[in-house]
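Below is one structure, written out as structure tokens; comments come after it.
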Amino acid sequence: MTVTYSSKVANATFFSFHRLLLRWRGSIYKLLYREFALFVLLYTVLSLVYRFALTDDQKRLFEKLSMYCDRYAEQIPVTFVLGFYVTLVVNRWWNQFVNLPWPDRLMLTAPASCVQGKDEYGRLLRRTLVRYVNLTSLLIFRSVSTAVCKRFPTMDHVVEAGESRRDCVSSFPPLANKNFKQAD
């Protein structure tokens, strides 16, 4: 289950950010606490066995074994593994960027094949299509981005900014999302 804290992060200040780190639902702590507890338990057991149960010869043998394991752990460098991780993160970001709806990409292909002519009617139709595509992009970005939702909290703000007309907004059904506020 994905738990989103984007609204909390957007409103966090420098001094209140530590409270976000201490949230339990969906946190990294909840994900890793079992493995961390097992690691601490095993480390404590090994440390106690090394300090109190082993003789001097056994301690030297244990140290040789740990140096042997350390030598083979260095064969896979951490930078090599981190390179794969960074590649994965950058590829995910790039895929999100490429999949953003770009109005100009749509408007370069759709009107060329659908709307013919250089007369006044064709120009007005293309202009109306561009306006609707921009409004659609705005509504999509409003549902995803906190900054856009703050800039356009209601459809009246969209009209005031000149992104839509009053008669177009009145034809929309009421939006049932908690992020979209309807003006009375």
Side-chain angles (χ1 to χ4, degrees), residues 1-106 134 136-155 157-158 161 174-183:
M1 178 177 91
T2 303
V3 179
T4 178
Y5 294 119
S6 59
S7 62
K8 303 281 188 214
V9 172
N11 297 330
T13 63
F14 180 74
F15 297 107
S16 69
F17 189 74
H18 68 281
R19 278 187 254 146
L20 282 175
L21 294 176
L22 299 177
R23 302 210 46 146
W24 185 249
R25 271 188 64 204
S27 71
I28 190 75
Y29 307 115
K30 185 177 182 181
L31 182 66
L32 296 177
Y33 81 94
R34 291 182 194 96
E35 288 85 356
F36 181 70
L38 181 67
F39 172 78
V40 169
L41 178 72
L42 288 175
Y43 183 83
T44 305
V45 168
L46 279 175
S47 179
L48 291 175
V49 166
Y50 177 79
R51 293 175 198 279
F52 300 115
L54 296 180
T55 64
D56 288 335
D57 292 333
Q58 291 171 335
K59 285 182 182 180
R60 270 188 247 107
L61 183 64
F62 182 79
E63 289 168 3
K64 286 181 183 177
L65 176 69
S66 64
M67 289 189 321
Y68 175 78
C69 292
D70 184 47
R71 186 167 17 119
Y72 282 103
E74 291 175 0
Q75 286 186 350
I76 301 175
V78 175
T79 54
F80 185 68
V81 175
L82 281 176
F84 282 113
Y85 176 71
V86 169
T87 302
L88 177 75
V89 169
V90 169
N91 282 338
R92 289 178 86 185
W93 175 84
W94 183 250
N95 286 335
Q96 287 179 352
F97 180 76
V98 167
N99 289 323
L100 283 175
W102 295 101
D104 55 347
R105 190 182 311 159
L106 176 66
N134 283 337
T136 304
S137 296
L138 176 80
L139 293 176
I140 290 170
F141 290 143
R142 201 172 96 168
S143 68
V144 176
S145 171
T146 309
V148 178
C149 194
K150 284 181 181 178
R151 171 68 177 93
F152 301 106
T154 65
M155 291 304 288
H157 289 87
V158 174
L175 300 170
N177 192 331
K178 66 177 182 171
N179 295 326
F180 299 140
K181 300 179 182 112
Q182 289 289 328

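Below, all heavy atoms of this structure are taken into account, side chains as well, without hydrogens, waters or symmetry copies.
- With sequence neighbours left out, the side-chain contact (heavy atoms from CB on, under 4.5 Å) criterion links Val86 to Val90.
- For residues 34-52, the set of pairs meeting the side-chain hydrogen bond (donor to acceptor under 3.5 Å, both in side chains) definition, not counting sequence neighbours, comprises Ser47-Arg51, Tyr50-Glu63.
- Evaluation of the side-chain hydrogen bond (donor to acceptor under 3.5 Å, both in side chains) rule for Arg60 yields Asp57 as partners, not counting sequence neighbours.
- Going from atom CG of Leu38 over to atom CG of Leu32 covers 12.5 Å, rounded to the nearest 0.5 Å.
- For Thr136, the side-chain contact (heavy atoms from CB on, under 4.5 Å) partners are Ile140, not counting sequence neighbours.
- Atom CG of residue Leu46 and atom CG of residue Leu41 lie 9.5 Å apart, to the nearest 0.5 angstrom.
- To the nearest 0.5 Å, atom CG of residue Leu31 and atom OH of residue Tyr33 are 10.5 Å apart.
- In this structure, Phe62 CZ and Leu54 CG are separated by 7.5 Å, a value rounded to the nearest 0.5 Å.
- Heavy-atom minimum distance, Leu139 versus Met155: CD2-SD, 3.9 Å.
- Sorted pairs that involve residues 77-100 and meet side-chain hydrogen bond (donor to acceptor under 3.5 Å, both in side chains), not counting sequence neighbours, are lacking altogether.
- By the side-chain contact (heavy atoms from CB on, under 4.5 Å) test, Phe52 pairs with Leu48, sequence neighbours left out.
- Here the shortest heavy-atom pairing between Ala161 and Arg151 reads CB-NH2, 3.8 Å.
- Not counting sequence neighbours, the partners of Phe141 by the side-chain contact (heavy atoms from CB on, under 4.5 Å) test are Leu100, Pro101, Ser137, Val148.
- Annotation: the span from Thr154 atom OG1 to His157 atom NE2 amounts to 4.5 Å, rounded to 0.5 Å.
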